Every structure is written in C-alpha cells, then in structure tokens.
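A quick write-up on the structure given underneath.
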Amino acid sequence: MIPLAIVPLWDAELAAAEVRRNAARGVPAVCFSEIPPHLGLPSIHTDAWDPFLRACEETGTVIAMHIGSSSRMPSTSADAPPAVGSTITFANCCFSMVDWLMSGVFDRFPGLRLMYAEGQIGWIPYILARADVVWEENAAWGGVADKVLTRPSELFARHIYGCFFDDPHGIRNLDAIGAGNVLYETDYPHSDSTWPRSREVAEAQMGHLEPEVIERLVRGNAIELLGLTPRGCGRAARRMPEDTPVPAGAPDVEGVPVFEGAPARLLQYGVQLPVQSLSTIYREPWEEQAGPPELAEAAEAADRLGFAYIACCDHVAIPERLAGAMGTTWYDPVSTLAWLAARTSRTRLLSHVAVAPLRHPLLSAKQYATLDLLSGGRLLLGVGAGHVPEEFAALGVDFHRRGAILDETIQALSAALTDEYPEHPGPRFPFAGLAVSPRPVQRPRPPIWVGGSSPRAVRRAALLAEGWLSKGDNIGQLSSHIASIAAFRETAGRSGPFAVNAIPPALYVGEPGWEVGHRTLTGKPEQLAEALREYGALGVTHLQLRPRSRSLAEYLEQLEAVATAVLPLV
C-alpha cells in the first residue's frame, strides 16, 4: 500500500509541517482541494498557500486531487438528475487544472508536481490548446503576462499528471497529451469503477500501443512520479547519515563501481562558467560587460585549482518573450569548449547541456568527437531535450516530440562515437556505411550524461546514458531520483560507472557584506562543507558550484576559497 497524507487545509503553515513530517516517514503524496474557494479557503492565485507549496516542492511530495475534493460536484441545476453530474464529473479537474496553469505557481515553485485522479484524460488536448492560445494572444488583458512565463502546455508536460480508468478517446489522443503524463487507475470502489474488469478494459483500450508505452501507463509513470521502485513499493529514504553504506545498485562514481556495503565516495566538483550564458536567473551584473578574456581567466583558474570540469550551456536562439528572463547571450558550447581546451590542461569539458534534438546526431558526433580529440580526451557530453518552442520551430524540429527525438539521438550518437562506420536503423536518423572521423580519444566513446529532472529525463539518463545532470533539485527530490535511477538500471541489467551531478545553491565563503539573496549558502568554510556533505551521503558523485561575486576579481577569489578552504573539509 502506498500512503497518501491528509493535511489541515485551514492553516497553510500547519499543512506544510504535516507534509514534512510525513515525507520524513516516506509518504510520497498529499491530498489537496481541486478548487479551495469552494471550501471557503483562499484560491491558488494568492500567496496564502506558499508555505504548503514550498514544503511539497522541497520534499518532492506530489499534490493529488480527486473528484469532489472541493466538496462540490459539477452539475447544471438543483433539479438536474445525477446522470448530468456523472457525465461532466471531469469538469472539476478541468477547471482546477486551468486554475493552476494560469496561476504562476509553477514559475515560483518549479519542482511542484500535481496528479488528478478519477478525471479521465480525453478533455486535456483541447484545454491545453485553448490555454496556449489565450496565453499567446491574450496574456496582457488576461492578467497573466507577468506571472505565467511559460506556455501552459509546457507547464502541463513538466508538472501535471492525469489518471484514467475508462477513456478510449483519451488513449487515441495520447500523443497530444504525452505518454509520460498519464497513469492508469481502476477507481475502485466507486460505481464508475472498471473493477473487476480492469485488466480486460485496459487491454481493449491500450492493446494497440507499443509494449513500452503500456508499461509506462500502467506502471512506469507511477513509479517515477511517486519515487517508488520497479517492484512497486519501498519509498526511497530521503536522508542518509554520512556513515551509512551506499545501498546496492546506487549510482557509481565515474570510473569507480559502488558495491553493496561500500562507504560513500568522495565528491568531485565542477563549475558552470560565468560569462558564457547570461540568464538573469543566475548571472552576476559584472558578467554583462565581460567577454572572452574574463571567460578564459575563469576557466584557467578552475583548471589550476583542480576542478573536475568546466561547463558551457547551449541555446541557438532566444525568443523575444523570454529575453527578459533568459537573456540573449548564450555561447556555442562546441566552439567555446574547444577554445578553452587550448587554454587548460586537466579539467574536463562539459556541455551542460547541448540541446541535442536541434541537430542531426551525425553532425553532433562529428563536432564532439573532434572536440574530444583536440582536448586529449576530456569531453563530457551532456545532452538535454530543450524547452523553448520557438527555437525548435525556427530550426524545423517538432517541439512536442523532442523527448522521442532525444532518445533516438542519444542512441545514434552512441553508435557514431563508438564506431568509425556506425550503423543506426532510425526511424528519424537512419545511417550506415558512412565513416565518421576523426575518432574521439576516449574508448569506447566519451561518456554521455542526460540533463533534466522530469521523470522522463531521469528515466532516460538511467537507461541510455552514463550520468545524470540534475536541474537544481533539492535534497528530497535528489534522493527520490537517485533511488529511481538505481532501480531502473538494476531492472534493465545496466551496470558500470554512473555519475550523478547535482547543483547546490550558490556559495559565498565568509560574510558577504552585500545582498546575495536567501538562496545563497554563506559562512565559514566548515559551515559550507557541512551543507555540501549532505549531497555525498545521498549518492551524488559530482557537484556543480557557482560562487557569488561582484567582479571577476571577487569571482576568482571566491573560487580559490571554495577550492582550498571548503572542499578539503567535505
């Protein structure tokens, strides 16, 4: 049995405390009202629920909403027969989902995940299409221009899961919903339930699907969403004491297998370089006026100080609507890392991450094989699915199929980086009988790490790659994802080294004396080391660090302080 917590909705702080108490006991989900104002409570368009939402995000707790959880079932009039309400029962889920998509909550709490039970899924494609139109064309007068920064359909793909028990129309439109966002249920013991014919109904409605898609709907998506194991139970522990042995099947440190009973391994540390990407989310003001000389100094310092890697981001083009948040400056990772390879000698070169679906895998294989050769075998190839629809449209790539395209791209890249005459059957990128040279130095090929913290990205990393690049998950989320990766690899019979890269909050050694924000870790080296040790205890193998600074000089000072005063204590 998988527990589902009930919290005191009349007090958001009490609800938050109950979420944390139950998360520590392994409870993966919590009940919530579809439409809180129906209970006389604040709507999600206020900040009244922020303590509760923050607790759910920080602990990785899923927010589950069931039909009628607003204590009001949909109908049309007081004298309408029950059949009317039964027919439009899904409306509660529909209204609630639009509420959340247009609330701005997901931009404030990007780690939140919602699940709608009993609502079926056939209505979702139209609602997402309509919400996108409203967001694109009417955002200003619609009151969401400043708070909903991402297309609603993309928010749905990242944050929301629908459940169905009898919906052949929804299954016929699965591509428009996303196979990774759907779970099969039985709705037992309600009168609508398919029990005891649930298997028969499932086979009739899903029998035409590919076996791997069926597995995701009836089992895999629930495992990923709730942080279970493929055996169906056993919620992963969220914290492990520092001296706790690493469990069997836990990820491996790069090049060093982790066996049952082995102690936790030493972490390795990398840096996402300044200057090369100027997103307002993390860039410092001084970087706006900086350029190649400052970028080179930062990379050379990281190399001299012994950091395991330096990383460069990737975007081809930024739409005007996102320029305020993302900035417009994003250096090309291949040319940037190749240039820096000539200015460094030890540190590895990580693309974090290359938006791989935007490019043909043979082209990427040529570029990154050359980079690995020129750098003497220092490439770490990080790839991800991307998230900017306009970028995909401009390059003629189907944004809504980017996950499937990335899956095939990784397989094609693996073949082209391994063999001089690679073969890949397709379906999108078939090739054979073509030589791809020069060859990379690393054998059998450079490691591939997959970026992203969605359930699909975590699963992709476990099954197709040698490492996972977390997207800034907190400790609770990391614990769940790491357990999922270990379980997926075990089930698939995958073994060998596996890297887990996490991104802790930004660091400042000492007392800054200037406003660094509440998310920055500050203090004495011992305090910062203690915070970083938590990651190693979970099974993280690499930490990507970013010191806060007001100038290049302060950045270099902080980078050295981190390397020489903090990291030896971790």
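Given the structure is predicted, the values throughout are model-derived calculations rather than measurements.
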Heavy atoms from other residues, nucleotides or ligands near CZ of Arg519 exceed 12 (cutoff 6.0 Å) | no
Do the side chain of Asp132 and the main chain of Ser153 share a donor and acceptor less than 3.5 angstrom apart?
-> yes
Check for a donor-acceptor pair, side chain of Asn173 on one end and backbone N or O of Ala176 on the other, with a separation under 3.5 Å.
-> no
What do the steps show when you test Ile127 against Phe156 for side chain to side chain contact (heavy atoms under 4.5 Å, CB included), and what is the final call?
-> CA-CA 11 Å; Ile127 288 298; Phe156 173 85; over 6 Å; no
Got a salt bridge between Glu58 and Arg20, using NZ or NE/NH1/NH2 to carboxylate O under 4.0 Å?
-> yes
Can you tell if the side chain of Phe52 reaches within under 4.5 Å of the side chain of Leu14, non-hydrogen atoms only?
-> no
May I ask you to decide if the ring planes of Tyr282 and Trp330 are parallel, tilted or perpendicular, using 30° and 60° as cut-offs?
-> perpendicular
Carboxylate-amine/guanidinium contact Asp47 Arg108, below 4.0 Å | no
Backbone N or O of Val316 within a donor-acceptor pair of the Glu391 side chain at under 3.5 Å?
-> yes
Taking NZ, NE, NH1 and NH2 as the nitrogens, is one of them in Asp407 or Arg456 under 4.0 Å from a carboxylate oxygen of the other?
-> no
If you take all heavy atoms of Glu13 and Pro51, which pair is closest and at what distance?
-> OE2-CG, 3.5 Å
Is any side-chain heavy atom of Cys56 less than 4.5 Å from a side-chain heavy atom of Leu112?
-> yes
Do Thr89 side-chain atoms and Ser86 backbone N/O form a donor-acceptor pair below 3.5 Å?
-> yes
Check for a donor-acceptor pair, side chain of Asn501 on one end and backbone N or O of Gly467 on the other, with a separation under 3.5 Å.
-> no
Is Lys147 salt-bridged to Asp107, cutoff N-O under 4.0 Å?
-> no
Under 6.0 Å between the ring centres of Phe164 and Tyr184?
-> yes
Residue pair Trp468, His542: steps toward the ring pair (Phe, Tyr, Trp, His ring centres under 6.0 Å) verdict | CA-CA 10 Å; Trp468 171 56; His542 294 69; over 10 Å; no
State, to 0.1 Å, how close Cys163 and Met115 come at their nearest heavy-atom pair, and which atoms those are.
-> SG-CG, 3.8 Å
May I have the step-by-step check of side-chain hydrogen bond (donor to acceptor under 3.5 Å, both in side chains) for Ser198 and Tyr188, ending in yes or no?
-> CA-CA 10 Å; Ser198 301; Tyr188 177 85; over 6 Å; no
Does atom CG of Leu39 have more than 12 heavy-atom neighbours, drawn from other residues, nucleotides or ligands, at distances under 6.0 Å?
-> yes
pair Asn22-Val7: side-chain heavy atoms closer than 4.5 Å = no
Are Arg21 and Glu18 close enough for a salt bridge, meaning some N to O gap below 4.0 Å?
-> yes
Is a salt bridge present between Arg216 and Glu212, judged by a nitrogen-to-oxygen distance below 4.0 Å?
-> no
Taking Arg402 for the side chain and Phe399 for the main chain, is one N or O donor matched with an acceptor at less than 3.5 Å?
-> yes
In sequence, state the C-alpha distance, the side-chain angles, and the governing distance for Met97 and Leu128, and then conclude on side chain to side chain contact (heavy atoms under 4.5 Å, CB included).
-> CA-CA 10 Å; Met97 191 179 83; Leu128 293 181; 4.0 Å; yes
Check for a donor-acceptor pair, side chain of Thr194 on one end and backbone N or O of Asp166 on the other, with a separation under 3.5 Å.
-> no
Heavy-atom side-chain contact between Pro357 and Phe392 under 4.5 Å | yes
Side-chain contact, heavy-atom cut-off 4.5 Å: Pro28 with Ile2?
-> yes
For the pair Arg321 and Glu390, find out whether any cationic side-chain nitrogen is under 4.0 Å from an anionic carboxylate oxygen.
-> yes
Any side-chain heavy-atom pair from Lys471 and Ser454 closer than 4.5 angstrom?
-> no
Is the backbone of Ile160 close enough, under 3.5 Å, to the side chain of Trp100 for a donor and an acceptor to pair up by distance?
-> no
Measure from the side-chain N and O atoms of Trp49 to the backbone N and O of His45, and report whether any donor-acceptor pair falls under 3.5 Å.
-> no
Between Arg460 and Val450, is there a donor-acceptor pair closer than 3.5 Å when you use the side chain of the first and the backbone of the second?
-> no
Heavy-atom pair with the smallest gap, counting every atom of Ile121 and Val182 = CD1-CG1, 3.9 Å
Would Ser470 and Ile503 satisfy side chain to side chain contact (heavy atoms under 4.5 Å, CB included), going step by step from the backbone distance to the final call?
-> CA-CA 7 Å; Ser470 160; Ile503 305 176; 5.6 Å; no
Output, in order, the C-alpha distance, side-chain angles, deciding distance and verdict of side chain to side chain contact (heavy atoms under 4.5 Å, CB included) for Leu543 and Leu532.
-> CA-CA 8 Å; Leu543 283 179; Leu532 297 182; 3.9 Å; yes
